[in-house]
Enquirer: 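Please see the structure below; I have some questions.
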Amino acid sequence: MNLSTFQQNCRDRVNHNLTQTLNALPEHSETLKQAMKYALLTGGKRIRPFLIYALGKMLSVKEKDLDGPAAAIEAIHAYSLIHDDLPAMDDDNLRRGHPTLHIQFDEATAILAGDALQTMAFEILCDYPLSKELVVKRIELVKIICQASGYNGMCGGQAMDLAATDQHISQQQLQELHDKKTGALLSACVEMSIALSTDVTSQNRQHLMDFAKTIGLAFQVQDDILDVIGDSEVLGKPQGSDQAQKKSTYPAMLGLE
């Protein structure tokens, strides 16, 4: 199987699981349910689930045991994008080539949809079927995603990003910001795959976590570059928004070249 086929299979698998999860929700708040579907199923590269399935495959973890982490991390990611786009944060009106959620629906619905997707991620991890020998790993998976998405991870990084806007910070501070804001969820993907494997040495675990941290930083640097040289139609989000908002970025600090 080539890489593009594997990536497509990962997208199809996580999209199927997320669609099933959303369709199973009761109908007592149809607008909120539709907003959650809009945010979660309208586009997306599914890079985080891809990392989970790819690492899991390398570590001989069954695909069905990876389904929960893959769906949960994508729900967390979707919630973070909804809140990131809100007027109080980055105030963006385009995401994945479509109007952002607060534009398509309204601001209150967007906040609630983000909240609901976040809690849905933990519900997925608590309820999805695991192989009998891995059931004891469930609480470890929950802990990994908690740490990656909260104060010590994504939310903390987002707060650091807001504080650094239109401010002079060091390159070390910029890296720490992005290690949390972007890198933490990507590292969590690798860490959850490791947690579900029964045969990873401490040395190999360290190698894999170093890889995760490095790929997370590379991902962010490339995102910063695309904000300068990319095209809004291709990116699916406003080009040049970092510069317009005076964000601390790698091109702003080091120069594009």
Enquirer: Backbone N or O of G157 within a donor-acceptor pair of the D161 side chain at under 3.5 Å?
Expert: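 The answer is no, because no donor-acceptor pair under 3.5 Å joins these two groups.
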Enquirer: Taking ring pair (Phe, Tyr, Trp, His ring centres under 6.0 Å) as the test, write out the residues that go with F105, two or more places apart.
Expert: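 For F105 the ring pair (Phe, Tyr, Trp, His ring centres under 6.0 Å) partners, ignoring immediate neighbours, are Y38.
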Enquirer: CG/L174 to CD1/I169 distance, rounded to the nearest 0.5 angstrom?
Expert: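 Spacing of CG (L174) from CD1 (I169) equals 4.5 Å.
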Enquirer: Return yes if some donor-acceptor pair links the side-chain N/O of Q173 with the main-chain N/O of S170 below 3.5 Å, else return no.
Expert: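 Side chain of Q173 to backbone of S170: a pair is present.
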Enquirer: About how many Å separate OH of Y128 and CG of D65, when rounded to the nearest 0.5 Å?
Expert: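 One finds 5.5 Å between CG of D65 and OH of Y128.
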Enquirer: Would you give the length of the straight line joining atom CG of L41 to atom CD of E74, rounded to the nearest 0.5 angstrom?
Expert: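 Between L41 CG and E74 CD, I get 9.5 Å after rounding to 0.5 Å.
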Enquirer: Side chains of Q34 and E30: is there a donor and an acceptor less than 3.5 Å apart?
Expert: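 Yes, a side-chain donor-acceptor pair sits under 3.5 Å.
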Enquirer: Determine yes or no for a side-chain-to-main-chain donor-acceptor pair under 3.5 angstrom, with K213 supplying the side chain and D179 the backbone.
Expert: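 Not at all, since once roles are kept as given, no pair shorter than 3.5 Å links the two residues.
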Enquirer: With sequence neighbours left out, what residues match F6 under ring pair (Phe, Tyr, Trp, His ring centres under 6.0 Å)?
Expert: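 For F6, the residues satisfying ring pair (Phe, Tyr, Trp, His ring centres under 6.0 Å) (neighbours in sequence not counted) are F50.
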Enquirer: We want to know whether S131 and K64 form a side-chain donor-acceptor pair, criterion being a heavy-atom distance below 3.5 angstrom.
Expert: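 Short answer, yes.
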Enquirer: To the closest 0.5 Å, what do you measure between CG (L18) and NE2 (H16)?
Expert: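 L18 CG to H16 NE2: 10.5 Å, rounded to 0.5 Å.
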Enquirer: Are any side-chain N or O atoms of K137 and backbone N or O atoms of A195, one a donor and one an acceptor, separated by less than 3.5 Å?
Expert: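 Between the backbone of A195 and the side chain of K137 there is a qualifying donor-acceptor contact (under 3.5 Å).
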Enquirer: Assess the residue pair L55 and I194 against the criterion (side-chain contact (heavy atoms from CB on, under 4.5 Å)); give the C-alpha distance rounded to whole Å, side-chain angles, the decisive distance to 0.1 Å, and a yes or no.
Expert: CA-CA 8 Å; L55 264 293; I194 293 171; 5.7 Å; no
Enquirer: Does T119 use its side chain to pair, donor to acceptor, with the backbone of D115 at less than 3.5 Å?
Expert: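 Checking the backbone N and O of D115 against the side chain of T119, a donor-acceptor pair under 3.5 Å is found.
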Enquirer: Is it the case that the side chain of T182 and the backbone of Q220 share a donor-acceptor pair, with hydrogens and angles ignored and the cut-off at 3.5 Å?
Expert: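 Answer holds: no.
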Enquirer: Does any N or O in the side chain of S80 come within less than 3.5 Å of the main-chain N or O of H77, such that one atom is a donor and the other an acceptor?
Expert: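 At least one qualifying donor-acceptor pair exists.
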Enquirer: Measuring from atom CZ of R46 to atom OH of Y53, what distance do you get when rounded to the nearest 0.5 angstrom?
Expert: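 One gets 11.0 Å once the value is rounded to the nearest 0.5 Å.
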Enquirer: Strictly distance-based, threshold 3.5 Å: is any side-chain N or O of S197 a donor or acceptor partner for the main-chain N or O of D199?
Expert: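 Pair found, side chain donor or acceptor close to backbone of D199.
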Enquirer: Is there a donor-acceptor contact under 3.5 Å from the side chain of D92 to the main chain of D85?
Expert: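 A pair under 3.5 Å: no.
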Enquirer: How long is the gap from CG on L125 to CG on L141, to the nearest 0.5 Å?
Expert: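 Going from CG on L125 over to CG on L141, the span is 6.0 Å.
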Enquirer: Please confirm whether the backbone N or O of C126 pairs with a side-chain atom of R138, one donor and one acceptor, at under 3.5 Å?
Expert: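 It does hold such a pair.
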Enquirer: Is there a ring pair (Phe, Tyr, Trp, His ring centres under 6.0 Å) between Y79 and H83 once you walk through the steps?
Expert: CA-CA 6 Å; Y79 121 73; H83 284 190; 5.2 Å; yes
Enquirer: What verdict does the side-chain contact (heavy atoms from CB on, under 4.5 Å) test give for I225 and V228, after you've listed the backbone C-alpha separation in whole Å, the side-chain angles of each residue and the deciding distance to 0.1 Å?
Expert: CA-CA 5 Å; I225 291 170; V228 178; 5.8 Å; no
Enquirer: Evaluate side-chain contact (heavy atoms from CB on, under 4.5 Å) for F211 paired with Q206, printing each intermediate quantity in order.
Expert: CA-CA 9 Å; F211 155 76; Q206 187 58 55; over 6 Å; no
